[in-house]
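Right, I'll just put the structure down here and ask away after.
Side chains included, hydrogens not; waters and symmetry mates left out as well; all remaining heavy atoms used. A quick note: this is a predicted structure, and the numbers were derived from the prediction, not measured. Ligands are counted one by one from 1 in listed order, and the atoms in each one are counted from 1 as well.
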Amino acid sequence: MTLKNTSRVAALVAAAAAALLSASATAQATKLKVGLMLPYTGTFAALGVAIENGFRLNVAEQGGKLAGREIEFVKVDDESDPAKATDNVNKLIKRDNVDVIVGTVHSGVAMAMAKAAKDNGTMLIVPNAGADAVTGPMCANHIFRSSFSNWQPGYAMGEVVAKKGHKKVVTITWKYAAGDESVKGFREAFEKGGGQVVKELSLPFPGVEFQALLTEIASIKPDAVYTFFAGGGAVKFVKDYAAAGLKKTIPLYGAGFLTDGTLEAQGADADGLLTTLHYGDSLETPRDKAFRLEYVKAYRLQPDVYAVQGYDAAQMLAIGLKAVNGDISKKADFAAAVEKAKIDSPRGAFTLGKSHNPVQDIYLRQVVGKENKVIGVASKSLADPGRGCRM
Ligand code: PHB
């Protein structure tokens, strides 16, 4: 190479470096647009609020900025309505040009969001919805989950109920992805452990007309019942189960959403219930104590699993963002950083599996008063199998 060429190359390199620096400086200077797509009305309204609260608490703890970038929120109420999901998510992506989407609660809505995120290459962090497909066939290097897969709490409870020696179980849930997959996970472990699911009962989401189904359970007389309900529907189900006289005769087990964020409203009807979940109210670790103190200070409310998942979504975003100096367009580097991180969650530190779903302890909890008291670990470091994910 001639001297002239060498200096031309050097000049080009310097110019490119300057352009890169200024791009990253611009990225740093502008606000990071976070699209919050959550339910603010309907049976999951309280869950959406808790997720947003948790997310905002973590941002506040980081001085109101993530990796040096201020945050601008754009909010959409998805109403937990899959029929409106594609339009809603496209508003965030195409009209508002958000940098990252955080959402949602409902599995059917989340699947539409994952599809749009894939089609448009938009970063997505799912702070609740357990749809197995999101970290299964729909997985992508820019899609992450800070919560769980529907399979996880179901599978853990299947093992618990089998170990208790129950043989015949009836399941009852809403007929949609979350209910179906929670029951499937339960069934997989329960039948492996020698039990049998004798009947799968369901009703359309978000229906709460449980009476006919409770009558059917009473006539089948199974050894136990396994259920997935959440939010307002879970409150009504637990109350109706007790009112029907079933609580005294047929033990009820659930994925922990049945009693999370719901105990004030369920009162004594929830007392004693056993559930499995990746969080509980009595972990008594310094990390969780600090989180709970700050949450109560900020919102005058007790946190629940949804608040934790929102909090951790912000932690994951911050980890990725720091690794790319605030430039979220660098998806591969963002993903690499989150993949190797240990996320310091109030639930206990966790890592992400290959399909970007948390590998985490699933606790066995029992309702005591207004608390989901942790009485053991049902499944240690449980990883979703990530079936169908190729990344
Ligand atoms: C879901 O639809 O995936 C879902 C909804 C509410 C929960 C948990 C899972 O509490």
Mind checking what residues have non-hydrogen atoms under 4.0 angstrom from ligand 1?
-> Phe44, Leu47, Val105, His106, Ser107, Asn128, Ala129, Gly130, Phe148, Asn150, Tyr176, Ala178, Phe228, Ala230, Phe257, Tyr306

Charged N-O contact under 4.0 Å between Lys354 and Glu339 | no

Flag yes if Ile143 and Met37 sit in one hydrophobic cluster, no otherwise; membership is Ile, Leu, Val, Met, Phe, Trp, Tyr, and two members link when side-chain heavy atoms are under 4.5 Å apart.
-> yes

Under 4.5 Å between side-chain heavy atoms, hopping through other hydrophobics if needed: is there a path connecting Val238 to Tyr253?
-> no

In terms of hydrophobic clusters joined by side-chain contacts under 4.5 Å, are Phe148 and Met316 together?
-> yes

Evaluate the side chain to side chain donor-acceptor pair (under 3.5 Å) criterion for residues Asp312 and Gln315: first the C-alpha distance (whole Å), next the side-chain angles of each, then the deciding distance (0.1 Å), finally the verdict.
-> CA-CA 5 Å; Asp312 292 340; Gln315 297 209 73; 2.9 Å; yes

Any salt bridge (Lys or Arg N to Asp or Glu O under 4.0 Å) involving residues 34-57? Give me the pairs, sequence neighbours left out, ordered by first then second residue.
-> Glu52-Arg56, Glu52-Lys75

